[in-house]
Amino acid sequence: MLLKRSLPKVRWKYWVKPWQQIDLLLFCLPVGVSFFGGLMILSTELKQPVTDWWWHWLIAGIGAVIALLLARLRYENLLQWHWITYALTNASLIAVMVAGTSAKGAQRWLPIAGFNVQPSEFAKIGMIITLAALLHKHTANRIEDVFRVLAITAVPWLLVFIQPDLATSLVFGAIVLGMLYWANANPGWLILMISPIIAAILFTTSWPLSAPIILFKEIFVTPLGVAWAIAMAILGWLTLPWRRFQLGTLGALSLNLLGGELGIFAWNHVLKEYQKNRLTAFINPEHDPLGSGYHLIQSRIAIGAGEFWGWGLFKGPMTQLNFVPEQHTDFIFSAVGEEFGFIGCLIILLVFCLICWRLLHVAQTAKDNFGSLLAIGVLSMIVFQLVVNVGMNVGLAPVAGIPLPWMSYGRSAMLTNFISLGIVESVANFRQRQKYY
């Protein structure tokens, strides 16, 4: 008893008090996914002469520390810095164009202290902060506020698109749509925003019973494309506020017809042959099994070979013999499918569902709109990357170069994901205490 009194009390509660409100499950799950991702990257590099899988764990550890530090800081401080954040985001993207390094036909990296940093990854965080600050002040109830958001997003989106980095530009679109929806934008407006892209697909793709109708030289329409444009015109009439002189109807119709024609022009004169093959290979990868369809075919074979339980860690034959290209980055999910089977894939997807559920919970329980929008922006980013990456691994989406969060090898992407997690944890840490959790 005397010894107990003489020893100093360890005030562990004092040390953990600054983080007592964080969402512990939301923090632990990405850390666990990152650890498992490092094991899978090790498996893909086991038979290679040069391995760098340990970088995955090192960057994840640094990212986890940064996330904890950010969780301790008040996220409200980002409000007064959002325009500076926006300016730095654009400046970094411009710097890539001026002094960036190129690889695989794209100029996306800045050499900093001996490392290649990808500013477009960190630009996602900049856009989430900027849009959350804008929509915090003015929700998206009015069409003018939606246009303001689109105008501000257009600058960094264009800078990313011309690198070219189509994958990240698509992630930008997902973030904008998710945050606008959460900010009470009319769902019909969101459909109209993406409708020109769908029109471009319908105008440029050969569909059954949809022979193109040539109007003038390279200007033609397809029955499905025209039907889609008419449907969007009706949606514009129902949802847009400009009913006088049917401006909403005519605007929606014209926008989709123009989108279709621009899609035809881009397909014939802008996109290179390898880009066309990459976009269409997922529909019929067997058409070019040794070229554009090779990644998809090998990934599907590897996942199918895993069957129910998988071959076991470090035992997948296709993974160990390096049949799947870029397996440690974009196709890491195929390694999970081969070595851990259907059960392993299901567990990974369930873990990601839990992460998304916790992000949504933080958004719902945040003390203000700014914090709620920050969480939704991160949720939109994670969900889109998850769906597209898994989709291209199983052959349901084109190969877009989008990594699987916390699992694919990529230093900038890993830090981006953990910084985003830290911002959301700050929202959770400084919300009002919940009686029932």
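Heads up: numbering here begins at 1 and tracks the sequence.
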Identify the heavy atoms of [X] and [Y] that sit nearest to each other, and give their distance.
| X | Y | result |
| --- | --- | --- |
| Ile59 | Arg411 | CG2-O, 3.7 Å |
| Ala400 | Val388 | CB-CG1, 4.2 Å |
| Phe331 | Pro325 | CD1-O, 3.7 Å |
| Ile402 | Ala167 | CG1-CB, 3.5 Å |
| Gly63 | Phe418 | O-CB, 3.4 Å |
| Val31 | Ala64 | CG2-CB, 4.4 Å |

Under a 4.5 Å cut-off applied to non-hydrogen side-chain atoms, are [X] and [Y] in contact?
| X | Y | value |
| --- | --- | --- |
| Met407 | Ile348 | yes |
| Ile66 | Leu415 | yes |
| Pro196 | Leu258 | no |
| Ile419 | Leu70 | yes |
| Met392 | Pro398 | no |
| Phe340 | Met40 | yes |
| Ile62 | Met414 | no |
| Ile162 | Met97 | yes |

What distance separates [X] [atom1] from [Y] [atom2], expressed to the nearest 0.5 Å?
| X | Y | atom1 | atom2 | answer |
| --- | --- | --- | --- | --- |
| Ile191 | Asn186 | CD1 | CG | 8.5 Å |
| Ile152 | Met127 | CD1 | CE | 7.5 Å |
| Leu46 | Leu313 | CG | CG | 8.5 Å |
| Met318 | Ile303 | CE | CD1 | 10.5 Å |
| Thr168 | Leu93 | OG1 | CG | 9.5 Å |
| Ile197 | Leu262 | CD1 | CG | 12.0 Å |

Got a donor-acceptor contact below 3.5 angstrom from the [X] side chain to the [Y] backbone?
| X | Y | answer |
| --- | --- | --- |
| His56 | Trp53 | no |
| Ser412 | Gln118 | yes |
| Ser426 | Leu73 | yes |
| Asn393 | Asn389 | yes |
| Asn429 | Gln21 | yes |
| Glu425 | Phe27 | yes |
| Trp309 | Gly341 | no |
| Trp406 | Gly32 | no |
| Ser169 | Leu166 | yes |
| Ser299 | Leu296 | no |

List the steps, then state whether side-chain contact (heavy atoms from CB on, under 4.5 Å) holds for Val171 with Lys124. CA-CA 8 Å; Val171 178; Lys124 301 173 187 175; 4.1 Å; yes
Evaluate whether atom [atom1] of [X] has more than 12 neighbouring non-hydrogen atoms of other residues, nucleotides or ligands under 6.0 angstrom away.
| X | atom1 | value |
| --- | --- | --- |
| Phe314 | CZ | yes |
| Phe342 | CZ | no |
| Trp182 | CH2 | yes |
| Phe323 | CZ | no |
| Phe36 | CZ | yes |

[X]-[Y] side chain donor-acceptor pair, cut-off 3.5 Å:
| X | Y | result |
| --- | --- | --- |
| Thr139 | Asn184 | no |
| Trp57 | Ser34 | no |
| Thr319 | Glu338 | yes |
| Gln320 | Ser43 | yes |

Check Lys367 with Glu76, please: is the shortest side-chain N to carboxylate O separation under 4.0 Å?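 Yes, this pair counts.
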Testing His295, Gln327, Gln298 for side-chain hydrogen bond (donor to acceptor under 3.5 Å, both in side chains) with Ser334, which one passes?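 Option passing the side-chain hydrogen bond (donor to acceptor under 3.5 Å, both in side chains) with Ser334: Gln327.
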Is there a side-chain contact (heavy atoms from CB on, under 4.5 Å) between Asn417 and Leu421 once you walk through the steps? CA-CA 6 Å; Asn417 292 330; Leu421 178 65; over 6 Å; no
Verdict with reasoning, Asn116 to Leu110, per side-chain contact (heavy atoms from CB on, under 4.5 Å): CA-CA 5 Å; Asn116 284 334; Leu110 273 178; over 6 Å; no
Should the pair Phe370 and Tyr75 be assigned to parallel (<30°), tilted (30 to 60°) or perpendicular (>60°) ring geometry?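 Phe370 and Tyr75: parallel rings.
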Under the salt bridge (Lys or Arg N to Asp or Glu O under 4.0 Å) test, which residues partner Glu45, sequence neighbours left out?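 Result, salt bridge (Lys or Arg N to Asp or Glu O under 4.0 Å) vs Glu45: none returned.
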Can you tell which of Asn90, Leu88, Thr89 makes a side chain to side chain contact (heavy atoms under 4.5 Å, CB included) with Tyr86?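 Running side chain to side chain contact (heavy atoms under 4.5 Å, CB included) over Asn90, Leu88, Thr89 with Tyr86 returns exactly one hit, Asn90.
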Measuring centre to centre across the rings, with the benzene-like ring taken for any Trp, is Trp55 within less than 6.0 Å of Tyr409?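 When the ring centroids of Trp55 and Tyr409 are compared, they turn out to be at least 6.0 Å apart.
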Checking side-chain contact (heavy atoms from CB on, under 4.5 Å) for the pair Asp368/Arg431: CA distance, chi angles, key distance, verdict? CA-CA 8 Å; Asp368 56 22; Arg431 62 190 166 184; over 6 Å; no
